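A short worksheet on the structure shown next.
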Amino acid sequence: MMKTFIPFLSLRRPRGRGTTVNSDINVKVKSVGERMRIGELSERTGASARSIRYYEQLGLLTSARLGNGYREFDDSAVATVDTIKALIDLGFPTELIQRVLPCTGDAGPAGQDCGVLMRRVAEIRDEMDAKAARLIETRDALTGFLARAETGASVQLGAA
DNA sequence: CTTCTAACA
DNA sequence: TGTTAGCA
């Protein structure tokens with residue numbers, strides 16, 4: 001039985017506000033044993049501790065607990081949070097994120113319905129194409145608007 | 001000092 | 001989501 005398993009989404013997301021310092025390197029170092037508390041996970045992902053706890057509350061992330069009640073995350077949580085943030089940024093409903101994550105390798109274990117999910121993922125991908133096309137149309141409209149404005153011609157957004 | 005939960009803005 | 005309170 002070959003189970004459907006999508007290696008890694010490896011979604012890139014803009015890091016930092018104003019500073020473009022990070023180049024996303026998708027190196028999967030299987031260094032087992034690296035654990036961290038919420039503070040470090042927060043630093044390494046850019047997600048606030050508040051958000052991390054919220055993601056966990058939504059069932060998107062799991063953690064162990066230390067003796068003092070502190071959350072302890074596996075280093076794989078970094079990739080998971082990155083993926084969650086990227087997915088949320090893209091407008092994915094958290095309900096879908098919850099079901100897709102196990103299929104990305106960013107969070108396990110893999111469910112049995114990964115294949116079924118791919119269809120919805122494909123639909124969302126197609127919707128992105130549509131949105132991208134509309135975005136380009138709007139951008140071109142703005143370009144034309146700007147050009148006409150400089151010429152002192154018709155100053156109406158939709159004008160031809 | 002860090003984290004936790006809960007609650008309010 | 002941020003932030004704050006009041007505890008461990």
Side-chain angles (χ1 to χ4, degrees), chain A residues 4-114 116-142 145 157:
Chain A
T4 311
F5 186 80
I6 296 77
F8 288 94
L9 257 186
S10 299
L11 291 181
R12 222 171 291 103
R13 66 187 175 73
R15 295 226 188 194
R17 300 290 186 234
T19 45
T20 307
V21 185
N22 289 294
S23 52
D24 295 71
I25 310 170
N26 294 314
V27 181
K28 190 62 178 178
V29 184
K30 205 55 179 175
S31 49
V32 194
E34 273 190 58
R35 300 178 189 296
M36 66 196 92
R37 299 200 305 261
I38 201 170
E40 187 180 342
L41 180 59
S42 177
E43 289 179 5
R44 292 171 46 166
T45 60
S48 66
R50 172 75 163 81
S51 296
I52 293 172
R53 296 194 188 95
Y54 182 55
Y55 296 156
E56 187 186 301
Q57 193 184 321
L58 292 176
L60 272 32
L61 192 62
T62 56
S63 73
R65 290 288 181 150
L66 264 17
N68 54 15
Y70 287 10
R71 264 166 272 252
E72 186 182 48
F73 299 91
D74 188 88
D75 62 315
S76 65
V78 175
T80 304
V81 173
D82 277 348
T83 301
I84 292 172
K85 290 192 69 177
L87 255 22
I88 288 179
D89 283 347
L90 294 175
F92 273 57
T94 55
E95 160 272 323
L96 180 60
I97 297 177
Q98 185 170 172
R99 292 193 295 151
V100 169
L101 274 182
C103 302
T104 67
D106 288 332
Q112 314 86 305
D113 61 339
C114 290
V116 186
L117 285 179
M118 295 308 99
R119 192 178 174 188
R120 262 185 83 181
V121 173
E123 285 175 6
I124 291 177
R125 188 272 320 277
D126 291 340
E127 286 172 12
M128 284 181 178
D129 281 338
K131 286 182 181 178
R134 278 159 42 203
L135 223 47
I136 290 175
E137 276 182 43
T138 304
R139 180 206 60 192
D140 290 343
L142 291 179
F145 166 74
L157 256 185

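Since the structure is predicted, the reported quantities are computational estimates derived from the model, not experimental observations. In the text below, chain A, chain B and the rest are named by the order of the sequence lines, each starting its count at 1.
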Problem - Single hit among A/T80, A/I38, A/T62, A/V81 for side chain to side chain contact (heavy atoms under 4.5 Å, CB included) with A/F73 - result: A/I38
Name every donor-acceptor pair, under 3.5 Å, that has one atom in a side chain of residues 48-55 of chain A and the other anywhere in the protein, sequence neighbours excluded.
unit_1	atom_1	unit_2	atom_2	d
A/S48	OG	A/S51	N	3.0
A/S48	OG	A/S51	OG	2.9

Problem - Per-nucleotide protein contact string for nucleotides 4-9 of chain B (B base, S sugar-phosphate only, - none; heavy atom under 4.0 Å) - result: SB-B--
Handout entry: Along DNA chain C, first and last positions that approach a heavy atom of chain A under 4.0 Å
Key = C/dT1 to C/dA8
Problem - Heavy-atom pair of closest approach, residues A/M36 and A/D74 - result: CE-O, 4.0 Å
Handout entry: Cationic N near anionic O, under 4.0 Å, A/D75 to A/R35
Key = no
Please set out all donor-acceptor pairs under 3.5 angstrom arising from side-chain atoms of residues 64-71 of chain A, sequence neighbours excluded.
unit_1	atom_1	unit_2	atom_2	d
A/R65	NH1	A/G69	O	2.7
A/N68	OD1	A/Y70	N	2.9
A/R71	NH1	A/E56	OE2	3.4

Exercise for the section: Output yes when a side-chain donor or acceptor of A/S42 lies under 3.5 Å from a complementary backbone atom of A/A47, and no otherwise. Expected result: yes
Exercise for the section: Verify, without hydrogens or angle tests, whether A/Q98 (side chain) and A/L58 (backbone) share a donor-acceptor contact under 3.5 angstrom. Expected result: yes
Problem - Under the side chain to side chain donor-acceptor pair (under 3.5 Å) test, residues paired with A/E40 that sit two or more places apart - result: A/R44
Practice task
For A/T45 and A/L41, indicate whether the former's side chain and the latter's backbone hold a donor-acceptor pair under 3.5 Å.
Solution key: yes
Problem - Distance, nearest 0.5 Å, that separates CD of A/E95 from CG of A/L60 - result: 10.5 Å
Exercise for the section: Map every base of DNA chain C to its dot-bracket character, where paired means a Watson-Crick or G-U wobble contact with both distances under 3.5 Å and | marks a partner outside the strand. Expected result: ||||||.|
